[in-house]
2 protein chains.
Amino acid sequence: MAIRPAEQLIHKAAWLYYAHGLRQDEVAIQLKISRASVAMYLRKARETGIVNISTSTQLFTDDVMARRLEDAFKLDAVWIAPENAYVADPSTDIAVLAASVFLELVSKGDRIGVAWGRTVYTIADIMSYADLQDVTVVQLCGNLGAPYSYRPDQCTMEIARRLNAKGLNFYAPLVLSTEELAEGLRAEPVIRDQLAGISDCDLALYSVGAVDANSHLVKCGALTPAEMAALRKQGAAGVIAGQIIDANGEALDCSYNRRVISAEIASLRAIGKRLMVVQEDSKFEPLLAAIAGGLCTHLVVGAHMAGRLLDHAGAVSKKAS
Amino acid sequence: MAIRPAEQLIHKAAWLYYAHGLRQDEVAIQLKISRASVAMYLRKARETGIVNISTSTQLFTDDVMARRLEDAFKLDAVWIAPENAYVADPSTDIAVLAASVFLELVSKGDRIGVAWGRTVYTIADIMSYADLQDVTVVQLCGNLGAPYSYRPDQCTMEIARRLNAKGLNFYAPLVLSTEELAEGLRAEPVIRDQLAGISDCDLALYSVGAVDANSHLVKCGALTPAEMAALRKQGAAGVIAGQIIDANGEALDCSYNRRVISAEIASLRAIGKRLMVVQEDSKFEPLLAAIAGGLCTHLVVGAHMAGRLLDHAGAVSKKAS
DNA sequence: AGCTAGATTTGACTTTTGTCGAGAGCCGTG
DNA sequence: CACGGCTCTCGACAAAAGTCAAATCTAGCT
């Protein structure tokens with residue numbers, strides 16, 4: 001796409017200011033516009049990812065606790081957001097960190113799978129803009145026509161928009177009423193291709209859901225509270241990309257799962273980097289299940305959750321010895 | 001390496017300021033230090049690459065001229081620094097652009113070959129800091145113990161330092177007095193390994209030298225002006241990584257080349273991305289030779305040089321038709 | 001052509017940031 | 001333990017950047 005004259009100016013201003021280190025008034029003189037305009041262009045440049053400001057997330061991996069978690073759970077990397085009152089909202093803290101980590105993990109030409117949930121949408125929402133034209137963001141699971149603003153397709157599109165990347169949406173409902181229909185739909189070329197393309201992703205971004213009445217699956221009407229409770233009795237331990245998993249991180253053998261249009265658990269495991277972000281403390285067991293199932297190589301959690309995970313690991317190894 | 005307490009503070013300040021978007025005074029309150037200290041920490045964070053500010057170099061590739069050059073010379077990407085009085089010093093302009101392009105081309109885990117020359121050193125000198133711990137910078141050619149500050153090992157080390165990367169130096173002179181000695185030295189395990197590792201690089205950064213009395217080879221005493229003139233008569237067209245190349249970009253068959261300890265031309269060609277940066281207008285012919293020899297996939301030049309290249313390409317194709 | 005809605009630009013003002021020298025704390029040393 | 005030399009920190013001031021309402025420009029429409 002050709003650059004419009006206005007964008008040209010933004011580029012030039014950004015270049016002179018950030019790369020050459022000129023002051024805004026100097027830039028204004030060079031470009032023969034007012035300094036106020038320069039300030040505005042620079043803001044736009046930051047907002048659109050023409051300039052990229054990223055901060056190292058080392059601080060959060062260097063934590064001893066993060067190291068111990070990596071060892072205990074055999075994860076590639078763990079980031080721990082300190083919960084001790086850095087910033088006003090503690091849950092935002094995790095999302096901000098997750099967004100930074102995510103941007104750090106993305107490389108050029110990557111294909112990225114994005115699932116769905118409040119956590120993912122929060123991340124998308126605060127993620128800074130970047131300019132990664134050759135990146136593709138694919139939706140990992142079908143849609144739920146919910147009144148919520150964090151529908152799967154919205155998560156995907158928002159992240160794609162922020163990265164200046166291509167978004168690949170999934171035009172299918174997350175869950176159908178009969179297994180036959182789901183099977184038929186999965187066989188549709190459009191859908192089949194999308195599903196087949198998931199294992200080619202380089203990076204996945206998702207959270208894990210809890211199996212209770214607060215789950216989005218219940219709130220969006222995919223399951224009734226009663227059904228959810230029943231699934232729980234059957235061994236449901238968490239929700240990943242709209243599917244129910246058991247304590248071992250395998251798809252639970254149940255009618256609901258067979259009616260779902262989503263990435264197969266095996267496809268998810270085939271993705272090189274699987275970034276899981278967990279905000280709520282209540283998702284302890286779902287997270288354990290996801291880790292057990294190898295659905296997570298990179299993990300972003302809060303300090304409290306990290307502590308619980310370590311305690312758990314300690315208890316297990318103690319029992320074993 | 002464990003983070004020192006002071007660095008910890010720098011990280012925290014950078015995090016709160018750049019990732020969370022707090023103001024300096026808010027950060028100061030959070031960290032219980034004065035705002036002045038925060039300002040200082042932030043400067044350090046920028047200087048050490050804890051925060052990374054990069055600007056898209058799109059502006060310079062989007063130039064129509066750049067596109068035409070890519071087509072005419074079958075290059076992967078071309079960046080053209082506008083010479084029309086953006087900034088005070090025009091040659092710095094090219095170096096600043098080259099540094100940005102270089103940083104854009106580097107990815108995590110890369111192995112980078114760096115050659116030597118004033119141009120390369122200028123780039124190293126203005127390059128902003130980054131935090132790429134798993135990158136290795138290797139020296140492409142032997143040293144010249146010159147009084148100059150841009151010795152091959154210095155170029156390598158400076159770039160490695162800026163990137164926070166590992167520098168791999170070459171402890172051998174660039175040129176020896178006899179062919180036998182050079183051959184013997186090349187067979188030394190330490191040297192052999194370094195030379196063998198060059199083709200494994202993902203990215204090379206170099207310029208091309210002119211074959212005249214101003215060449216560094218002459219200034220550093222590797223060749224006398226008379227010898228240089230003689231080589232020119234024999235078909236020398238340029239200097240790459242301390243070696244003499246002919247108009248086709250092949251190593252010239254001469255005693256000097258046989259006495260040199262440097263990356264073989266074939267090894268250079270084996271490197272995926274070969275970024276060539278040319279500042280001086282006088283290096284037109286050397287550049288043509290380098291391009292002819294396929295020693296350059298990515299090119300950064302000034303507008304005037306770009307014009308000359310296009311004229312040349314036009315003339316050649318006209319003659320051909 | 002004349003008009004209007006919207007975007008863009010500007011000057012004046014406010015807020016935020018950078019800087020500098022002074023002072024405080026912290027060693028190792030005589 | 002007193003002394004320099006060192007780094008780190010702070011307060012106050014100067015410089016730079018951000019903001020906003022008003023002015024100007026633009027393009028589409030009648």
Side-chain angles (χ1 to χ4, degrees), chain A residues 1-56 58-59 62 86-88 92 96 126 128-129 161 164, chain B residues 1-56 58-59 62 86-88 92 96 100 126-129 161 164:
Chain A
M1 60 179 172
I3 274 187
R4 287 191 333 231
E7 287 193 22
Q8 188 84 321
L9 261 185
I10 300 181
H11 269 94
K12 285 186 183 174
W15 181 250
L16 291 172
Y17 186 74
Y18 286 106
H20 275 282
L22 300 195
R23 287 195 320 268
Q24 291 192 356
D25 50 2
E26 295 181 293
V27 175
I29 293 166
Q30 285 281 350
L31 301 179
K32 299 190 176 60
I33 52 179
S34 77
R35 206 188 50 69
S37 296
V38 173
M40 192 210 56
Y41 286 142
L42 292 179
R43 181 158 40 73
K44 275 196 182 164
R46 283 188 300 262
E47 279 170 1
T48 54
I50 288 170
V51 312
N52 233 47
I53 302 185
S54 63
T55 66
S56 155
Q58 246 212 65
L59 175 60
D62 265 18
Y86 257 8
V87 205
T92 306
V96 170
I126 52 112
S128 63
Y129 290 77
R161 194 175 70 83
N164 232 315
Chain B
M1 62 181 171
I3 274 187
R4 287 194 331 239
E7 285 194 24
Q8 188 84 321
L9 261 185
I10 299 181
H11 269 96
K12 284 185 182 174
W15 180 251
L16 292 172
Y17 186 76
Y18 286 106
H20 275 282
L22 300 195
R23 285 196 320 268
Q24 291 190 358
D25 50 1
E26 295 180 291
V27 175
I29 293 166
Q30 286 283 349
L31 300 179
K32 300 189 174 62
I33 52 179
S34 80
R35 206 190 50 70
S37 297
V38 173
M40 191 211 52
Y41 285 141
L42 292 179
R43 182 160 38 74
K44 276 197 181 162
R46 284 188 300 264
E47 279 169 2
T48 55
I50 288 171
V51 312
N52 233 49
I53 302 185
S54 64
T55 66
S56 156
Q58 245 210 66
L59 175 58
D62 266 17
Y86 258 9
V87 206
T92 306
V96 170
S100 276
I126 52 114
M127 186 178 319
S128 63
Y129 290 76
R161 193 175 72 83
N164 233 316

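Please read these numbers as outputs of a predicted model, since none were measured by experiment. Quick note on labels: first sequence line is chain A, next is B, and so on, each numbered from 1.
Where A:Arg23 and A:Met40 each meet DNA chain D at their nearest nucleotide, the meeting point lying more 5' is that of A:Arg23.
Counting non-hydrogen atoms under 4.0 angstrom, A:Leu42 reaches nothing in the nucleic acid. Here B:Arg43 lies in heavy-atom contact (under 4.0 Å) with sugar-phosphate atoms only.
To the nearest angstrom, P of D:dG18 lies 12 Å from CD of B:Gln24. Protein atom CD1 of A:Ile29 is 11 Å distant from nucleotide atom P of D:dA16, rounded to whole Å. Atom CZ of A:Arg35 and atom P of C:dT16 are 15 Å apart (whole Å). Atoms CG (B:Asp25) and P (D:dA12) sit 16 Å apart, rounded to a whole Å. In this structure, B:Ile33 places its CD1 atom 16 Å from C1' of C:dA24, rounding to the nearest Å. Taking atom CG of residue B:Leu31 and atom P of nucleotide D:dC8, one finds them 16 Å apart after rounding to whole Å.
Taking OG of B:Ser128 as the start and CG of B:Asn52 as the end, the distance is 6.5 Å to the nearest 0.5 Å. Taking CG from A:Leu42 and CZ from A:Arg35, the interatomic distance works out to 10.0 Å, rounded to the nearest 0.5 Å. Separating the CD1 atom in B:Ile29 from the CG atom in B:Leu16 is a distance of 11.5 Å, to the nearest 0.5 Å.
Contact annotation: B:Tyr41 side-chain N/O to D:dT9 OP1/OP2 distance is under 4.0 Å. Within the 4.0 Å cut-off from OP1 or OP2 of C:dT17, not a single side-chain nitrogen or oxygen of B:Arg46 is found. Between A:Ser37 and C:dT9, a side-chain N or O to OP1/OP2 separation shorter than 4.0 Å is absent.
When each of C:dG18, C:dT8, C:dT10 is scored by its nearest atom to the side-chain atoms of A:Lys44, the top-ranked nucleotide is C:dT8. Here the nucleotide nearest the side chain of B:Ser34, chosen from D:dT19, C:dT17, D:dC10, is D:dC10.
Side chains of B:Tyr129 and B:Arg46: no donor on one and acceptor on the other come within 3.5 Å.
No option in A:Tyr17, A:Tyr18, A:Trp15 other than A:Tyr18 meets the side chain to side chain contact (heavy atoms under 4.5 Å, CB included) test with A:Val51.
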